[in-house]
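This report refers to the structure that appears directly beneath it.
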Amino acid sequence: MMDKQIFYNGMITTLDETWPQVEALYTENGRIMAIGSAEEIMRQFGRTDVTKIDLDGGYAYPGFVDSHLHIALLGAKLDQLDLSGCKDKDELLATIRTEAAQIPLDQWIIGYGWNDERMEGRMPDLAELNQASLGRPLLLSRVCEHVYLVNEAAYRRAELTEEVKNPSGGIYGRDPFGKLNGWVYDQAVLPFQEAQKHISLQQRRQQIERAMKMALKEGLTGIHTDDLREIGSLHNLIDLYRDLHQKRIGLRTHHLIYYPYVTEWDELDKNQLEADEWFSLGAVKIFADGTFGGRTAWLTQPYADDPEKSTGISIHSVEELHDLAKQATNRGLPIAIHAIGDQAIEETLTVMQKYRSAPGKSASPLRHRLIHALLLRQDLLEQLKQMPIAVDIQPHFVASDFPWVERRLGEERLRYAYAWRSMIEAEIQCAGGSDAPIEPLSPIKGFYTAVFRHSLAADAPKEGYLPKERLNRLQALQLYTKGSAYAANEEHQRGTLSVGKQADISVFDHDLLTVEDEELRKATAIQTIVNGQIVYER
């Protein structure tokens, strides 16, 4: 039986240059078959076997797709201790103490979201963490998920002693006397994570389902997600998501493959790897560095506010980075590299240039992805212009990182930071994402920050941080539509509301392109339509 619908009574922005604004769409089996005026569409297709769906005066756009988040981690955070509201050390310790008093002695206290740049006074020391946790092992991740706080019980659980050496791509923080101080950076967190009791796949599925429904409520029709560190197996990831899709959780998912799991690719049969309309596998995810917040992003010159003159952390040696890229491209897979600092971006572009295509297919370059790209020197921008690379940007980082990031980078380097408009004007393909749960899941918050370049804090400059990098509203809209489609090599399927493409539509209660500035951030999804079906309605 053919599924037929007419969507009408809305202002529909198609992003299709041949007919940018229409009043109605006609779809069959999840595909757009015709667009035009409501009168024409109704006259031509308005038969009794066609369902008429009222957009209720809403403003409809090509389905918003978040190009970079961690949906499994977002789901897991729903069951963890939220520390994002802690304003100082005392609040943080009180929150830990309350949680500790409610759980068994052998259970970990897992928390997230603390931000030392938003907290008054000093952070707690190891002795204070020990006292507040009442003997329970403790692991608290900074908002960036690259820096952590632990206590002595956690060191014991992870079987780490004072003699422990820093691992490749990580650091164990120490006090002036060389003693472990409770701070842990990047890859050094792995022993603490491995020491915890792993949740069942069924629990993980429930967490992810909750997070996917949150995404639909925000108006997202699809996501590009990085989940293998939580799920732990490519085989399990495929089974889990295909099961969720069979249960009609109507959110399209595109998956990055965290590099330690790429060898599993060889063990799976063609049917498991085959993309369908709901599920697809994408690039191999690799980390080149950390973040500005923890001073672990890899810079060419030292941090301006670091007396030790550190240039951050290289997660992998240059040789390892090349080897990982080779492993991916030998399998015909593109790479997606997290690179924030300018040195990390420089090494990343070198790798992507060298491994442009799969062996024997030099005429068909792979579509690699550069993730974050927060410090893009002019020479790197010029190099990037010449490469067929998608750049995943997270506009809300500006609201979270300024003004403290100005101290990290210093005035000279700041002009190359968070350079969204420079990239777009250089015709570099950019896709918009949230990096949730690091930042808010809401694409409207990302859209707003891309346009205005500031947080809602009272002391934020009205003209925005680095205002020359502000996007116009059409550019911001294209990040979450055309940009996300391009990044996943799916522009022939999605990104515009064009005849032949999938009927994925995000409907909001405000016109994102014309609404008054202060009203824009209040825009809310009223309908989320995927494959021609309403999967969320306010």
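Scope of the values below: all heavy atoms of this structure, side chains included, with no hydrogens, waters or symmetry mates.
Rounding to the nearest 0.5 angstrom, the gap separating the CD atom in Q193 from the CH2 atom in W108 is 9.5 Å. The CG atom of L374 sits 5.0 Å away from atom CD1 of I340, with the distance rounded to the nearest 0.5 Å. How far SG of C86 is from CG of N115: 11.0 Å, rounded to the nearest 0.5 Å. Note: R136 CZ to N130 CG = 13.5 Å, rounded to the nearest 0.5 Å. Atom CG of L81 sits about 11.5 Å away from atom CG of L139, to the nearest 0.5 Å. Note that the CG atom of D175 and the CG atom of D125 stand 9.5 Å from one another [nearest 0.5 Å].
Between E162 and K179, no side-chain nitrogen of the basic residue sits less than 4.0 Å from a carboxylate oxygen of the acidic one, so the salt-bridge criterion is not met. Using a cut-off of 4.0 Å between Lys/Arg side-chain N and Asp/Glu carboxylate O, R142 and D116 are scored as salt-bridged. Ion pairing of E346 with R377 is present here, as a side-chain N (NZ or NE/NH1/NH2) and a carboxylate O approach within less than 4.0 Å. Ionic pairing of R415 and E412 is present here: one or more N-O contacts between side-chain nitrogen and carboxylate oxygen are shorter than 4.0 angstrom. Look at R122 and E128 and you find a salt bridge, because one of the NZ, NE, NH1 or NH2 atoms lies within 4.0 Å of a carboxylate O, short of that distance. Between R331 and D266 a salt bridge is recorded (basic side-chain N to carboxylate O distance below 4.0 Å). With respect to the salt-bridge test (charged N to carboxylate O, under 4.0 angstrom), the residues E145 and K77 qualify. D306 has no carboxylate O lying under 4.0 Å from a charged side-chain N of R407, or vice versa, which leaves the two without a salt bridge.
Of all the heavy atoms in Y480 and F447, the pair that sits closest is OH-N, 3.6 Å. The two residues H454 and T449 make their nearest non-hydrogen contact at O-CG2, 4.2 Å. Considering every non-hydrogen atom in both L69 and S434, the closest pair reads CB-OG, 3.8 Å. Summarising the geometry of Y303 relative to T296, their closest heavy-atom pair is OH-N, 3.6 Å, with the distance given to 0.1 Å. Taking all atoms of both residues into account, the shortest heavy-atom contact from S67 to S484 is CB-OG, 3.6 Å. Smallest separation of non-hydrogen atoms from L321 and F287: CD1-O, 4.5 Å.
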Can you check side-chain contact (heavy atoms from CB on, under 4.5 Å) on V530 and E277, steps first, answer last?
CA-CA 11 Å; V530 185; E277 62 182 352; over 6 Å; no
Go through it in stages, so that I can follow the logic: the residues are V143 and R118, the test is side-chain contact (heavy atoms from CB on, under 4.5 Å), and I'd like the CA-CA distance, side-chain angles, deciding distance and then a yes or no.
CA-CA 11 Å; V143 62; R118 303 287 185 194; over 6 Å; no
Carefully, step by step, assess H255 and F279 under the rule ring-ring contact (aromatic ring centres under 6.0 Å, His included).
CA-CA 8 Å; H255 300 263; F279 174 92; 4.8 Å; yes
Derivation of the side-chain hydrogen bond (donor to acceptor under 3.5 Å, both in side chains) call for T253 and H245:
CA-CA 9 Å; T253 63; H245 291 314; 3.1 Å; yes
Applying side-chain contact (heavy atoms from CB on, under 4.5 Å), run through L251 and W278 and close with a yes or a no.
CA-CA 7 Å; L251 182 74; W278 295 102; over 6 Å; no
Check the pair Q187, S168 against side-chain hydrogen bond (donor to acceptor under 3.5 Å, both in side chains), reporting the backbone distance first and the verdict last.
CA-CA 7 Å; Q187 298 293 83; S168 174; over 6 Å; no
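Heavy-atom contacts from other residues, nucleotides or ligands closer than 6.0 Å to NZ of K89 number more than 12. Atom CD of E411 sits in a sparse spot, with 12 or fewer heavy atoms from other residues, nucleotides or ligands closer than 6.0 Å. More than 12 heavy atoms of other shown residues, nucleotides or ligands fall within 6.0 angstrom of atom CD in E194.
In this model, no donor atom of one side chain and acceptor atom of the other lie less than 3.5 Å apart for H316 and S314. Judged by distance alone, the side chains of T161 and E163 do bring a donor and an acceptor atom under 3.5 Å apart. A donor-acceptor contact closer than 3.5 angstrom links the side chains of Q327 and D323. Between the side chains of H146 and D289, no donor-acceptor pair is found at a separation under 3.5 Å. Donor-acceptor pairing under 3.5 Å is lacking for the side chains of Q203 and Q207. In this structure, a donor-acceptor pair under 3.5 Å is absent between the side chains of Q301 and T311. Counted by atom type alone, N181 and R174 present zero donor-acceptor pairs between their side chains at under 3.5 Å.
Take K213 and apply the side chain to side chain donor-acceptor pair (under 3.5 Å) test, not counting sequence neighbours, and it matches E209. Residues meeting the salt bridge (charged side-chain N to carboxylate O under 4.0 Å, His left out) test with D401, sequence neighbours left out: none.
Aromatic rings of Y448 and H396 (six-membered ring for Trp) have centroids beyond the 6.0 Å cut-off, not under it. Between H372 and H68, the ring center distance clears the sub-6.0 Å criterion. Taking the six-membered ring for Trp and the full ring otherwise, the centers of Y172 and Y185 sit at least 6.0 Å from each other.
A salt bridge (Lys or Arg N to Asp or Glu O under 4.0 Å) check over residues 221-245, counting only residues at least two apart or in different chains, returns the pairs R205-D243, D226-R229, D226-K285, R242-D276, D243-K247.
Residues L375 and R413 meet the side-chain proximity criterion, which asks for heavy atoms closer than 4.5 Å. In this structure the side chain of R252 never reaches within 4.5 angstrom of the side chain of T221, judged on heavy atoms.
A cation-pi arrangement, defined by a distance under 6.0 Å to the six-membered ring centre and an angle within 45 degrees of its axis, is absent between R157 and F192.
Formation of a donor-acceptor pair under 3.5 Å by the D88 side chain with backbone atoms of M119 is not found in this model.
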